[in-house]
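None of these values were measured; they are calculated from a predicted model.
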Amino acid sequence: MAFKLARLKSLLLGLCAATALVAQVDSKLITTTDILDVYKSGGATPEMLTIFDMSGSMVNCFWHSQYWTDQNSDSGNSMTIDMTTGVVSMSLGSITATGYLVDPSGTQITTLPITAAVVQQASHARLTAAKPSGSKTYTRTLDIPVPWTLFQVPTTLPATGTAPVPDFFVDPTTAGGSGASVVFDTVYTTSSTRILSGSGASAKLGYFTYNPDYIYWLFWGNVIKAADGNSYIATAAAGVNDDRNQAPPGGSIFTTSTGGLGGSYPAGGGYIVPGVYDPSTGNAATPSTTMYADKRGTTFNNLIPAGTRSMFLKKAVLQTWLSKQDKVLWAYRFLDTSGVETSTPMSNNFGNGNRYLTRLKSTTTGIDSSVAAIQVKFPANGTPLT
């Protein structure tokens with residue numbers, strides 16, 4: 001099922017509401033209960049139970065804050081790489097974007113052949129797509145995240161050769177608050193195939209996909225989401241031109257023929273996401289290859305989220321737990337991927353497996369297994385519903 005940012009907000013709001021819980025029920029209605037005593041106005045420790053959705057669509061990359069769509073699809077396109085040449089490819093529907101890996105500074109990674117260790121030096125792929133329309137060709141070059149884990153966004157772009165840093169939160173209960181750094185997503189540590197899988201000219205990068213409509217918007221979109229989230233703004237989006245210094249044809253967004261995704265929207269401004277190159281130095285015959293002086297379109301500066309839905313869910317949960325662990329009792333379980341229903345009640349069971357409850361626990365050293373189980377969890381194929 002589609003992951004919405006609202007789910008993260010609901011999770012955090014639920015915790016906030018629980019921590020502020022006071023008497024809410026008439027005391028005459030009190031009954032014996034083994035859950036949170038809502039009849040007391042005292043300082044009872046709130047309890048939470050969370051069920052995590054790690055279905056297949058959770059490998060889709062998290063959306064840009066300005067992306068708007070009226071489509072409803074959880075399909076995703078993978079990013080592939082030729083292990084011999086280092087050429088990266090990705091389908092945008094009717095056209096294919098190609099390019100190469102870059103490190104967080106925006107410098108091309110030239111090490112060959114491509115291995116999992118080489119991929120771990122990269123944060124993005126610099127992809128170029130050329131779209132014909134009428135008598136013109138529109139060219140755009142974007143740095144698209146390659147989230148083999150959830151990346152920490154640097155305050156400023158680092159020096160050439162600096163590898164991306166997995167995002168983390170320091171557990172304040174360990175070693176006086178300067179102890180264990182809890183990396184939010186550690187799936188990449190379980191197998192090198194989570195970083196690079198397959199072989200030859202079409203090896204798959206990471207364990208992530210891009211929704212076709214979304215990746216198309218990143219390259220060609222020129223309308224943004226309105227404040228209500230249910231409509232778009234076209235006239236307010238000034239945007240940028242393509243690498244050839246051409247505005248979108250007719251001032252309106254391109255459409256894609258892939259699976260009916262995309263749409264024909266009213267005219268907007270220029271493109272929303274800045275490209276790598278400054279369009280002012282390009283022309284119809286020769287696309288620009290000169291970067292913006294302020295590098296606004298380089299790697300993390302273009303503000304495209306560098307992580308999947310599941311990775312950002314993990315961040316929301318683990319960061320909240322680690323900062324509030326002394327104020328809440330919190331248990332969780334995952335939706336079962338087996339597709340087999342069970343008649344055995346699971347409400348009072350604590351143990352291993354998707355259907356069993358796991359209580360988040362604090363520790364003064366290292367990382368507790370209850371936290372590690374979330375770190376290494378990766379989405380499964382299909383949509384588990386039990």
*Asks:* May I ask you to test the Pro279-Asp243 pair for a side-chain heavy-atom distance under 4.5 Å?
*Replies:* no
*Asks:* Just so I know, are the side chains of Ile195 and Gln120 near enough to count as touching, which here means a heavy-atom distance under 4.5 Å?
*Replies:* yes
*Asks:* To the closest 0.5 Å, what do you measure between OG1 (Thr286) and CG (Asn245)?
*Replies:* 12.5 Å
*Asks:* Val170 and Ser181: which non-hydrogen atoms are nearest, and at how many Å?
*Replies:* CG2-OG, 3.8 Å
*Asks:* Run the side chain to side chain contact (heavy atoms under 4.5 Å, CB included) test on Leu196 and Met83 for me, step by step, so that the C-alpha distance in whole Å, both residues' side-chain angles and the decisive distance to 0.1 Å come before the verdict.
*Replies:* CA-CA 10 Å; Leu196 180 69; Met83 298 176 68; 3.9 Å; yes
*Asks:* What's the separation between atom OG1 in Thr363 and atom CG in Asp171, rounded to the nearest 0.5 Å?
*Replies:* 7.5 Å
*Asks:* Just by modelled atom types, is the Ala122 backbone N or O under 3.5 Å from a matching donor or acceptor in the Trp148 side chain?
*Replies:* yes
*Asks:* When you group the ILVMFWY residues by side-chain heavy-atom contacts below 4.5 Å and let the links chain together, are Val153 and Tyr188 in the same group?
*Replies:* yes
*Asks:* Please find the pair of heavy atoms, one from Pro113 and one from Val118, that lie closest to each other, and give the distance.
*Replies:* O-CG2, 4.0 Å
*Asks:* Hey, are Gln108 and Asp103 close enough side-chain-wise for a donor-acceptor pair under 3.5 Å?
*Replies:* no
*Asks:* If hydrophobic clusters are built from ILVMFWY residues whose side chains come within less than 4.5 Å, do Val102 and Ile109 share one?
*Replies:* no
*Asks:* Are the charged groups of Lys314 and Asp185 less than 4.0 angstrom apart, N to O?
*Replies:* yes
*Asks:* Which pair of non-hydrogen atoms, one from Leu303 and one from His64, has the smallest distance, and what is that distance?
*Replies:* O-CD2, 3.6 Å
*Asks:* Verify the distance criterion only: is there a donor paired with an acceptor across the side chains of Thr290 and Ser288 at less than 3.5 Å?
*Replies:* no
*Asks:* Between Arg126 and Asp143, is the closest basic N to carboxylate O distance under 4.0 Å?
*Replies:* yes
*Asks:* Would Phe378 and Tyr207 count as a close aromatic pair, with their ring centres under 6.0 Å?
*Replies:* yes
*Asks:* Within a strict 4.5 Å, meaning less than it, do heavy atoms of the Leu205 and Thr80 side chains meet?
*Replies:* no
*Asks:* Does Asp242 reach the main-chain N or O of Tyr138 with its side chain, forming a donor-acceptor pair under 3.5 Å?
*Replies:* no
*Asks:* Angle class for the Phe62/Phe312 ring planes (parallel below 30°, perpendicular above 60°, tilted otherwise)?
*Replies:* tilted
*Asks:* Apply the test side chain to side chain contact (heavy atoms under 4.5 Å, CB included) to residues Leu127 and Tyr100: give CA-CA distance (whole Å), side-chain angles for both, the deciding distance (0.1 Å), then the verdict.
*Replies:* CA-CA 7 Å; Leu127 300 180; Tyr100 49 84; over 6 Å; no
*Asks:* Looking at Arg309 and Asp74, does any basic side-chain N land under 4.0 Å from a carboxylate oxygen?
*Replies:* yes
*Asks:* Measuring from atom CE of Met311 to atom CG of Leu150, what distance do you get when rounded to the nearest 0.5 angstrom?
*Replies:* 6.5 Å
*Asks:* Under a plain distance cut-off of 3.5 Å, with no hydrogens placed, do Asn60 and Thr209 share a side-chain donor-acceptor pair?
*Replies:* yes
*Asks:* Side chains of Asn302 and Arg296: does their closest heavy-atom pair fall under 4.5 Å?
*Replies:* no
*Asks:* Run the numbers on Ser323 and Phe169 for side chain to side chain contact (heavy atoms under 4.5 Å, CB included), then give the verdict.
*Replies:* CA-CA 9 Å; Ser323 60; Phe169 190 85; 4.2 Å; yes
*Asks:* Under a 4.5 Å side-chain heavy-atom rule over Ile, Leu, Val, Met, Phe, Trp and Tyr, are Leu313 and Leu360 clustered together?
*Replies:* yes
*Asks:* A side-chain contact here means heavy atoms from C-beta on lying under 4.5 Å apart; do Thr358 and Arg333 qualify?
*Replies:* no
*Asks:* Might you point out which heavy atoms bring Ser89 and Thr96 nearest each other, and give the distance in Å?
*Replies:* CB-CG2, 4.2 Å
*Asks:* Going by side chain to side chain donor-acceptor pair (under 3.5 Å), Thr139 matches just one of Arg244, Gln246, Lys131. Which one?
*Replies:* Arg244
*Asks:* Please determine whether side chain to side chain contact (heavy atoms under 4.5 Å, CB included) holds for the pair Leu218 and Ile144, giving the CA-CA distance in whole Å, both sets of side-chain angles, and the decisive distance to 0.1 Å.
*Replies:* CA-CA 9 Å; Leu218 291 177; Ile144 302 297; 4.2 Å; yes
*Asks:* Could you measure the distance from the OG atom of Ser197 to the NZ atom of Lys204? Nearest 0.5 Å is fine.
*Replies:* 5.5 Å
*Asks:* For the residue pair Tyr216 and Asn211, confirm or rule out a side-chain donor-acceptor distance under 3.5 Å.
*Replies:* no
*Asks:* Taking side chain as C-beta onward, heavy atoms only, is Val183 less than 4.5 Å from Ile367?
*Replies:* no
*Asks:* When rounded to the nearest 0.5 angstrom, what is the spacing between CG in Leu318 and CD in Gln325?
*Replies:* 11.0 Å
*Asks:* In terms of hydrophobic clusters joined by side-chain contacts under 4.5 Å, are Val88 and Ile114 together?
*Replies:* yes
*Asks:* Using the ring of each side chain (for Trp, its six-membered ring), is Tyr214 parallel, tilted or perpendicular to Trp217, with breaks at 30° and 60°?
*Replies:* parallel
*Asks:* Where is the tightest heavy-atom contact between Trp220 and Ala129, given as atom of each residue plus distance?
*Replies:* CH2-O, 3.7 Å
*Asks:* Are any of the side-chain heavy atoms of Tyr292 and Val276 separated by less than 4.5 Å?
*Replies:* no
*Asks:* Report the distance from atom OG1 of Thr190 to atom NZ of Lys377, rounding to the nearest 0.5 Å.
*Replies:* 12.0 Å
*Asks:* With clusters defined by side-chain heavy atoms of hydrophobic residues (ILVMFWY) lying less than 4.5 Å apart, directly or transitively, does Phe151 cluster with Leu142?
*Replies:* yes
*Asks:* If the plane angle is over 60° it's perpendicular, under 30° parallel, otherwise tilted; pick one for Tyr332 and Phe52.
*Replies:* tilted
*Asks:* Over all heavy atoms of both residues, which pair between Ser123 and Pro164 is shortest? Give the atoms and the distance, please.
*Replies:* CB-CB, 4.0 Å
*Asks:* Using a 4.5 Å cut-off on heavy atoms from C-beta on, say whether the side chain of Met90 contacts that of Met79.
*Replies:* yes
